[in-house]
2 protein chains.
Amino acid sequence: MASITIIDIARMCGVGVTTVSRAINNHPDISEETKAMIMQVIKENHYVPNNSARNLKRSASKTIAVLIKGITNPFFNRMIQVFEKEIQRKKYSFILQRVDENQDEIEVAIELEKEKRLKGIVFLGGYFSHSKEKLDQLTVPFVLSTIGMTPDYDPQEYSSVSVDDYKESYKMVDYLCNLGHRKIAIITASMDDVSIGKLRYEGYKQALADHGIGLNEKLVYSMKENIESYSMENGYVVTKELLESGEEFSALFAVSDSLAVGACKAIFESGKSVPGDYSVAGFDGLDIAYYYNPSITTIRQPVEEIAEETIKILFDLINKKITHAHKTFPAELMIRESTTGKQ
Amino acid sequence: MASITIIDIARMCGVGVTTVSRAINNHPDISEETKAMIMQVIKENHYVPNNSARNLKRSASKTIAVLIKGITNPFFNRMIQVFEKEIQRKKYSFILQRVDENQDEIEVAIELEKEKRLKGIVFLGGYFSHSKEKLDQLTVPFVLSTIGMTPDYDPQEYSSVSVDDYKESYKMVDYLCNLGHRKIAIITASMDDVSIGKLRYEGYKQALADHGIGLNEKLVYSMKENIESYSMENGYVVTKELLESGEEFSALFAVSDSLAVGACKAIFESGKSVPGDYSVAGFDGLDIAYYYNPSITTIRQPVEEIAEETIKILFDLINKKITHAHKTFPAELMIRESTTGKQ
DNA sequence: TTGTACGCGTTATCAA
DNA sequence: TTGATAACGCGTACAA
């Protein structure tokens with residue numbers, strides 16, 4: 001079922017393909033009447049240009065791709081909206097590309113860059129541990145947004161926007177300590193994780209240390225690997241285990257709000273209450289942390305600002321105003337109902 | 001910065017482009033050694049084939065696209081996972097394409113079909129009200145998954161998988177009535193909505209009627225148009241309004257779980273309780289309905305089955321085993337803590 | 001088993 | 001303002 005092409009349209013209109021191309025792409029060098037006539041014929045015959053051919057021929061296109069690892073993460077929802085809005089405001093088009101958990105985002109990016117003649121790339125989620133050699137294959141500017149980075153990276157090699165996960169995590173645990181809690185459990189990423197999970201765990205450790213509290217490894221739990229990471233279910237299952245361990249604790253810090261929700265559920269099911277028996281704290285500032293009952297104390301990341309700054313830096317990069325940039329935003333401790341003082 | 005092409009590789013290897021192409025695409029007609037040698041050179045030089053050129057040349061590719069309207073909807077998360085798994089199992093590749101709220105999914109589909117030489121399409125979310133003429137421009141099989149359809153459509157023209165939103169909604173309201181509730185408020189889609197929101201509203205009306213309860217329009221609320229639809233915030237804002245109206249009611253049926261969560265929050269903030277003062281029911285069967293406190297009575301859609309059947313039908317279509325099919329799954333009333341009998 | 005040459009549908013160059 | 005034609009990078013008859 002041979003599809004209709006630009007040549008067919010040209011024939012039908014009795015003009016050359018160039019003219020048709022001009023009509024399609026709003027080129028200036030074409031008279032209004034021929035253009036109108038051509039557009040009419042195109043509409044009548046439902047002609048749709050083939051994007052592969054366009055991309056192949058085009059030397060450059062005004063498009064930005066956002067590569068996102070873990071698209072199910074509600075934390076990204078708002079960010080995506082902002083990205084789209086900002087990118088459209090710059091008259092660029094916007095491609096959202098999902099990257100599978102066990103897929104290499106750089107490879108996807110390289111492929112996409114060639115295929116779509118990208119102008120820039122935003123990486124969202126996951127963590128970054130690619131060789132410099134690989135990174136160098138990316139010939140367009142890119143920005144890492146809310147992504148954990150291995151510290152041995154040369155900051156000159158990339159740009160990033162995020163909160164200081166270490167510091168903010170410290171802030172939360174410090175707050176819990178100041179409330180009088182000394183037995184504070186944590187649900188964090190797996191121990192070999194090198195991303196934000198790790199950073200948040202480090203903040204936890206440091207805060208404890210600064211309050212003269214020794215690390216009790218029996219209160220340190222990692223998410224289950226076989227359950228979706230950072231999910232409510234994961235928080236639920238892990239907290240059940242924690243409760244059943246019999247190890248005493250008065251507060252629980254989950255490194256994401258979803259985990260915290262699952263944790264609360266597990267506590268309720270054991271017949272205990274939040275914050276009466278256990279204080280529970282989350283991280284991220286998702287809507288659900290506010291709407292949950294009790295509302296959950298959390299660290300609210302300034303999602304809009306992060307997203308806006310990401311795009312700003314990306315365009316500065318594109319316009320060669322800068323060669324790289326790193327921006328960290330302060331996050332806000334939202335004290336809500338799920339945490340209370342310990343007598 | 002001219003990118004490296006297949007010709008460069010051919011030159012470097014001292015072979016023809018055909019041979020390189022064969023190496024890349026695992027063609028049989030090539031000796032193991034030359035293939036290994038070529039792959040080596042490719043790796044060393046970081047050669048990545050240009051997808052646009054490939055798609056342009058290829059007459060057909062084994063790929064399925066899933067077009068999703070409202071990617072932020074957590075209800076789709078699980079479905080996407082199943083889609084991906086099933087599609088990979090068939091040795092097809094999988095493209096997830098987001099469609100903007102005010103974008104025409106059919107146009108996106110037509111473009112994508114040409115660009116990627118698709119074998120089939122799944123439409124997810126939104127509602128369908130396109131002219132037959134437009135639908136006919138789609139030359140590959142497609143399936144509508146959990147999508148509301150204007151009833152005046154010829155069922156011979158398309159395929160679909162979903163639950164019976166009317167019946168399931170009826171089931172919920174019937175249950176509430178049997179609990180003794182007679183003043184049942186509803187939060188539904190806007191009145192000019194023609195999708196599932198409408199169907200669920202119709203089920204509500206019918207159930208009331210069958211219980212001899214007249215429709216009180218002061219208890220019928222639509223989501224706010226200027227807030228993300230089906231969101232917690234929307235449920236919260238609308239319920240606040242409902243509570244402030246002073247109109248008496250004992251149960252509230254929100255047509256999505258997220259709305260129900262927001263509704264609960266509004267009720268708590270007014271100093272009332274769930275289900276003590278008001279019973280609250282949702283729809284969809286999201287995780288959060290289970291994890292919320294109180295856990296929320298809902299209609300659980302069999303997400304996995306729906307997704308699996310969608311793919312099954314799509315492949316039957318592709319293999320010309322059938323010309324169209326419609327499947328509706330029964331959903332399950334999950335009775336939980338948020339609803340209770342009315343004295 | 002390997003290589004040459006053409007065509008996929010479009011846009012850019014250049015001449016008319 | 002228009003049109004012929006050469007790329008864009010790849011896959012594949014067909015020939016060797």
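Hydrogens, waters and symmetry mates are skipped; everything else that's a heavy atom, side chains included, is used. Nothing here was measured: the structure is a model prediction, and the numbers come from that model. Chain naming here is simple, since letters A, B, ... match the order of the sequence lines and numbering starts at 1 in each.
- B:N50 places its CG atom 6 Å from the P atom of D:dC10, with the value rounded to the nearest Å.
- When distances run from any side-chain atom of B:K57 to the nucleotides D:dG3, D:dC10, C:dG9, the shortest one goes to D:dC10.
- When distances are taken from the side chain of A:T34 to each of D:dT2, C:dG9, C:dG3, the shortest belongs to D:dT2.
- Separating the CD1 atom of B:I4 from the C1' atom of D:dC8 is a distance of 16 Å, rounded to the nearest angstrom.
- Comparing C:dT2, D:dG3, D:dC8 against the side chain of A:R22 picks out D:dG3 as the nearest.
- The distance between atom NZ of B:K114 and atom P of C:dC8, rounded to the nearest whole Å, is 15 Å.
- With DNA chain C read from its 5' end, the first of the two nearest nucleotides for B:G14 and A:I24 is the one closest to B:G14.
- For B:E111 and C:dG9, the CD to P distance is 16 Å, given to the nearest whole Å.
- Closest to the B:A53 side chain, of the nucleotides C:dG9, D:dG9, C:dG3, is D:dG9.
- Look at A:H27 and you won't find any side-chain N or O under 4.0 angstrom from OP1 or OP2 of D:dT1.
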Exercise for review: Verify ring pair (Phe, Tyr, Trp, His ring centres under 6.0 Å) between B:Y92 and B:F315, making sure each step is shown before the conclusion.
Suggested key: CA-CA 11 Å; B:Y92 273 59; B:F315 275 95; 4.8 Å; yes

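- B:R54 has no side-chain polar atom (N or O) that falls below the 4.0 Å cut-off from OP1 or OP2 of D:dC10.
- No donor-acceptor pair under 3.5 Å is formed between the side chain of A:N45 and the backbone N or O of A:Y47.
- One donor-acceptor pair, N or O on each side, does fall under 3.5 Å between the base of D:dA4 and the side chain of A:T18.
- Within the structure, a side-chain polar atom (N or O) of B:S21 is placed less than 4.0 Å from OP1 or OP2 of D:dG11.
- A:L314 and A:I121 get closest at one heavy-atom pair: CD1-O, 3.7 Å.
- Between A:N55 atom CG and C:dT11 atom P the separation is 10 Å, expressed in whole Å.
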Point to revise | From CA spacing to verdict: salt bridge (Lys or Arg N to Asp or Glu O under 4.0 Å), A:E115, B:K116 | key: CA-CA 12 Å; A:E115 178 177 348; B:K116 304 283 190 177; 2.5 Å; yes

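- Other residues, nucleotides and ligands contribute at most 12 non-hydrogen atoms within 6.0 Å of the CD atom of B:E33.
- B:V17 comes within 4.0 angstrom of a base, heavy atoms only.
- Using a 4.0 Å heavy-atom distance criterion, B:N25 is classed as a sugar-phosphate-only contact.
- B:E32 places its CD atom 16 Å from the C1' atom of C:dT2, with the value rounded to the nearest Å.
- Taking side-chain N and O atoms only, A:T19 has no distance below 4.0 Å to OP1 or OP2 of D:dT2.
- With hydrogens and angles ignored, no donor-acceptor pair closer than 3.5 Å exists between the side chain of A:S31 and the base of D:dT2.
- Taking atom CD1 of A:I30 as the reference point, atom C1' of D:dG3 lies 12 Å away to the nearest angstrom.
- Residue whose closest nucleotide on DNA chain C sits further toward the 5' end, between B:R117 and B:P28: B:P28.
- Across the protein-nucleic acid pair, B:D29 atom CG and D:dA15 atom P stand 16 Å apart, rounded to whole Å.
- Here the side chain of B:D100 pairs no donor or acceptor atom with the backbone of B:Q103 at under 3.5 angstrom.
- The side chain of A:L56 approaches C:dG9 more closely than any other nucleotide in the set C:dT4, C:dG9, D:dC10.
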